[in-house]
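For reference, the structure is listed below as C-alpha cells.
Quick note: numbers below take in every heavy atom, side chains included, and nothing from hydrogens, waters or symmetry partners.
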Amino acid sequence: MTTMAELTRRGIIGIVKVKHPPVNALSYGVRKGITECMKKAESDPAIQAVVLCGDGRTFPAGADISEFGGKFAEGPDLRSVLVTIENLRKPVVAAIHGTALGGGLEVALSCHYRLMHTTARTGFPEVALGILPAATGTQRFPRVTHLANAIEMITSGRHITAKEAHSKGIVDKLVSGDIIQEGVTFANDIASKPYRHLMVSTRPVIGAENAQHIFDEARKRLASRAVGGPIAPMMCLKAIEGAVKMPTFEKGIQHEADLMYLLMTSGQARAQQYAFFAERAVSKWELPDGKTNSRNTKPKAVKTAAVIGAGTMGTGIAMTLLSRGIPTILIEQDQKFLDRGIAAIGKLIAYQVNKKRITKEQAQKLHTLLKPSLHYADLKDVDIVIEAVFENMDIKKTVFRKMDALCKPSAILASNTSNLNIDEMAAVTKRPGSVIGMHFFAPANVMRLLENIRGRQTSGETIATVMDLSKRIGKVGVLVGNCYGFVGNRMLHMYGAEASFLIEEGCLPHEVDQCIKVFGFPMGFFQVADLSGLDIGYKARKGLGLIGKGLPERFRFGQRYSPISDIMVENGRLGQKSGKGYYNYGKIGGRVPERDPETEELILNFCKKHNIQRRRIAPQEVMERCLYPLINEGFKILQEKIATKDEEIDTIWMTGYGWPRHTGGPMYYARNFVGLPKIYERLLYYKAQFPDSKHWEPCELLRKEAMQQAKL
C-alpha cells in the first residue's frame, strides 16, 4: 500500500503529514499511517513535539465516504487513532488548513493544540448523512466550546469560519502564513511546556452548570422540526447529553456508540447517504444511446453570458451568474422593466452585503459585471444566452429566432422553460445542436436545482458545457430528456391532481397539507401552490386547452379533472401575491397561512353543485394518493428514458421540491421503505376505485420490477 502519512523532522519538531489526495480523507491507509508515524515520533528522542498536518489543499477533511455502508478494512478505527494521538508522550499540534469536517475535526480535537489558517473552515456535517460524530466528537466538542455551541453546530451540521472557530474556543490560534511553518514555529514555543492538562478527554464540559436548561431549550427547538423529519438531530442531542450525564468519558463514548448503532440501523442513515452519493452521481451523465457521456465529451469555455427577461426569474438567473464572476448582459424590451430588473439585482446584492456574505468592494465588482441593455444586438459576442421570458411558446419562438440571428455561431441558446417543448424552440433556429433547456427553480439565486433538458438534436458538447456551467454557478445540474414538464413538474402534476381530488371528496386543504408535512415535506401541495401563484398553473392549463368555454366541468379529454384551482383564480384568489388563495395570508404578499372560511365554502359549494358526497379520508389514503401516482410517473420517466437512473429523479425531488432526504427521494422510498410489490398493489386498488384517472395505471417497468422483488 502507498504510504498515506509520512514523518519528517525540522529540528526538534516532528511533522506528520497526511498524503491522500485530493482531500486527505481518513481511509484505512491514512489511519494506519498516522498511527505508525505517531509511534515513530514518540520513540525518536530527537523529536520533542509533533505537528499533524495535511499535504496539498487541506488538513484531513473527514471520513472516507467510500467506506460508508461497508465493512471497514482491518486496522485501526478512528477512535483508536485519536487515543494514540492524545496519549502521545509528546505534545501534538494540529495545523489546520482547507477544511476539517467531521472526522477531520475529531482528529484535531485529539491533539493538544489547534492552529487554524484564517481561510480554513470546520464543522460536523454528519447529521446530514443521518449519523452523528461517532469517533468521540459528541464527547470532546463540548469540552472545548460551550455546550450550547456544541449542540447548535452538531445538530445543524453547520460549517464555520476560522474566525468563528477561534471565537468559540475550538482552536487556539489563527495564522495566515504557511500552515506547516506556522505549526513548527508554534510547536517550538510549546515543546518544553506541560501539556497533559490540555487533553480534551480530561476536561470538564463547558457550561455544564446550566446543562438542564440548555438541553431543554434545544429539545424544544428540535422537536418543533421533528414531525416527519429525520431522527439524527435528536440522537446527536442525546449523545451530547451523555458528555454531561455519563460518569466517565469512556461511558460517554459507549453511549455515543450505542446511539450511532441505532442510527445506522434505522434506514434513515442509508437513505441520507444514498442522497449524498446520488447528488454526485448526477454529474456523471450519459445519453440513452450509451455512446455520449461526461467522460468522453469536453465542455466549451463560458466566459460571458446574457439573460433575456428582467422579471423575477431573469434577475435571479442573472444574479447567479454574476455571483460567480461571469459578466452578464440583461436584456429587456422596455426601459421600465429593465430598470425594475436592475433595482431587483441591486437589492439582492445589498442583501448579501447586509448579511456580511460579501464586502462592499465585492458588491461593486458585481455591479460592474452587469450590463443592462434594450438591444438584442448586444448578444453578438456572448458564449451563452438564457431566455427567461413569459412561458408561452409563440413568444419563446420569437426570442429564439432573434437569438439565432444575432448570436455568434458557437453560442449556446438556452431556455428557462418549466414545461415547454425544447425541440419546438430548436426547430426555429439553424443551430438545433446548440439549443438546450435550463430550468432554474425560483428563487433562481437560492434554489440549488438546475434541470437541464436535452433536445432531440442537442449536441454532446452543448450538454457538457451546460452541465459544467451548472456546477460552476453552484447548482446541482441534472440532465433529463424532453417531454411536457420534464421530470420534476411532470411528476408534480400527478401529485397535484390527486391533492385536488382529495379536497373534492372530503378533505380540506390544510388536512391534505398536514399529511404531507407529517411525511417530511416542509410544505404541503396547497401551501406551495399559493407560494408559486395559482395563476401560473392556470395560464399553463389554459395553454394546454384545459380551460375554456364548452368543456365538461369535471372531465378533460376523457379523464377526471378538478376545476377548483381554476375557480379560485377566476375569483381573484391567486395565493400569497393577492393575500388569498387556498389559505388566507392577511395581506397582499403575506407569508403566514391561515385557514380561510371562504375557500372552504367555495369547495363545499362546488361539492353540493355536483352532488359529491364528502367522506372522512384517512391520513394513510391521503399520503398514498398524493405520492404513489408521483412514483408511478417516475417509473414511466425511466421507461421512456427521460431520466436514465433513479438518482436523477431522486435528486430533482430532494433539491427542487422538498422531498425529505431521510427517505432518499421518491424512487429510493418506493424501493426501500415501502417496497415495489406494495406500491403496485395499491396502484391497482386505486385504479379500480378511480377508473377515470389514467395515472393509476401501473407502469410496465414498475410492474416487472415489483414482480421480481416479490419473488425475492
Side-chain angles (χ1 to χ4, degrees), residues 224-229 312 418 441-443 446-447 488-489 491-542 546-547 554 561-610 612 614-619 621-623 625-627 630 653 656-660:
S224 69
R225 310 173 197 160
V227 177
T312 302
S418 57
F441 286 69
V446 175
M447 293 292 284
N489 283 346
M491 294 168 71
L492 181 67
H493 294 155
M494 307 303 132
Y495 167 26
E498 281 301 317
S500 299
F501 297 154
L502 285 162
I503 63 172
E504 285 186 359
E505 295 171 29
C507 291
L508 292 172
H510 72 278
E511 293 171 330
V512 174
D513 283 355
Q514 181 60 24
C515 289
I516 297 305
K517 287 194 280 188
V518 167
F519 179 75
F521 279 85
M523 290 190 286
F525 176 80
F526 296 110
Q527 197 177 341
V528 171
D530 277 354
L531 175 64
S532 301
L534 301 184
D535 54 321
I536 303 297
Y538 183 86
K539 290 170 185 174
R541 292 190 296 276
K542 199 165 188 177
L546 295 172
I547 298 172
R554 299 184 63 213
Y561 179 84
S562 174
I564 288 177
S565 181
D566 304 338
I567 295 168
M568 303 271 278
V569 173
E570 289 159 3
N571 279 273
R573 304 181 71 89
L574 309 182
Q576 288 185 10
K577 65 177 68 174
S578 66
K580 291 183 178 181
Y582 286 103
Y583 296 93
N584 190 316
Y585 295 90
K587 61 181 180 180
I588 292 174
R591 295 297 179 91
V592 181
E594 299 286 348
R595 285 181 62 178
D596 193 332
E598 292 179 10
T599 297
E600 295 174 10
E601 184 180 7
L602 183 152
I603 293 168
L604 294 175
N605 287 340
F606 176 85
C607 293
K608 287 178 184 176
K609 177 182 176 182
H610 294 282
I612 299 170
R614 293 175 66 81
R615 62 186 174 89
R616 182 185 176 281
I617 301 175
E621 180 179 341
V622 174
M623 190 272 293
R625 287 181 60 185
C626 287
L627 302 185
L630 178 158
W653 269 84
Y657 294 85
W659 187 286

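Evaluation of the salt bridge (charged side-chain N to carboxylate O under 4.0 Å, His left out) rule for K608 yields no partner, not counting sequence neighbours. Residues meeting the side-chain hydrogen bond (donor to acceptor under 3.5 Å, both in side chains) test with N489, sequence neighbours left out: Y657. For P522, there are no side-chain contact (heavy atoms from CB on, under 4.5 Å) partners, not counting sequence neighbours. Q576 pairs by the side-chain contact (heavy atoms from CB on, under 4.5 Å) definition with L531, Y585, R591, not counting sequence neighbours. For R615, the side-chain hydrogen bond (donor to acceptor under 3.5 Å, both in side chains) criterion is met by E505, E621, not counting sequence neighbours.
Applying the side chain to side chain donor-acceptor pair (under 3.5 Å) definition to pairs two or more places apart or across chains, those involving residues 511-522 are D513-Y583.
Side-chain contact between H510 and Q527: absent, with no pair of heavy atoms (C-beta onward) separated by less than 4.5 Å. Looking at Y538 and L574, their side chains never come closer than 4.5 Å, going by heavy atoms from C-beta outward. In this structure, F526 and T599 have side chains that are not in contact, with every pair of non-hydrogen atoms separated by 4.5 Å or more. Using a 4.5 Å heavy-atom cutoff, the side chains of I603 and P509 are in contact. Between P619 and V518 there is no side-chain heavy-atom pair separated by less than 4.5 Å. Residues R541 and I536 are not in side-chain contact: their nearest non-hydrogen atoms beyond the backbone lie 4.5 Å or more apart.
Formation of a donor-acceptor pair under 3.5 Å by the S578 side chain with backbone atoms of G575 is found in this model.
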Q: Applying salt bridge (Lys or Arg N to Asp or Glu O under 4.0 Å), run through D530 and R573 and close with a yes or a no.
A: CA-CA 9 Å; D530 277 354; R573 304 181 71 89; over 6 Å; no
Q: Walk me through it: do R595 and N584 pass the test side chain to side chain contact (heavy atoms under 4.5 Å, CB included)?
A: CA-CA 6 Å; R595 285 181 62 178; N584 190 316; over 6 Å; no
Q: Please assess R614 against E504 for the test salt bridge (Lys or Arg N to Asp or Glu O under 4.0 Å), listing each intermediate value before the final yes or no.
A: CA-CA 7 Å; R614 293 175 66 81; E504 285 186 359; over 6 Å; no
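Shown are F501, F519, Y495; of these, the ring-ring contact (aromatic ring centres under 6.0 Å, His included) with F525 is made only by Y495.
Here the shortest heavy-atom pairing between R625 and L502 reads NH1-CD2, 3.4 Å. Closest approach of P660 and G520 over heavy atoms only: CB-O, 3.7 Å. Considering every non-hydrogen atom in both M491 and L630, the closest pair reads CE-O, 3.3 Å. Of all heavy-atom pairs between V622 and C507, the closest is CG2-SG, 3.8 Å. What you find for G581 and L534 is that their closest heavy atoms are CA-CD1, 4.2 Å. The shortest non-hydrogen separation linking G506 to I617 is N-CD1, 4.0 Å.
How far CD of E600 is from CD1 of I503: 10.0 Å, rounded to the nearest 0.5 Å.
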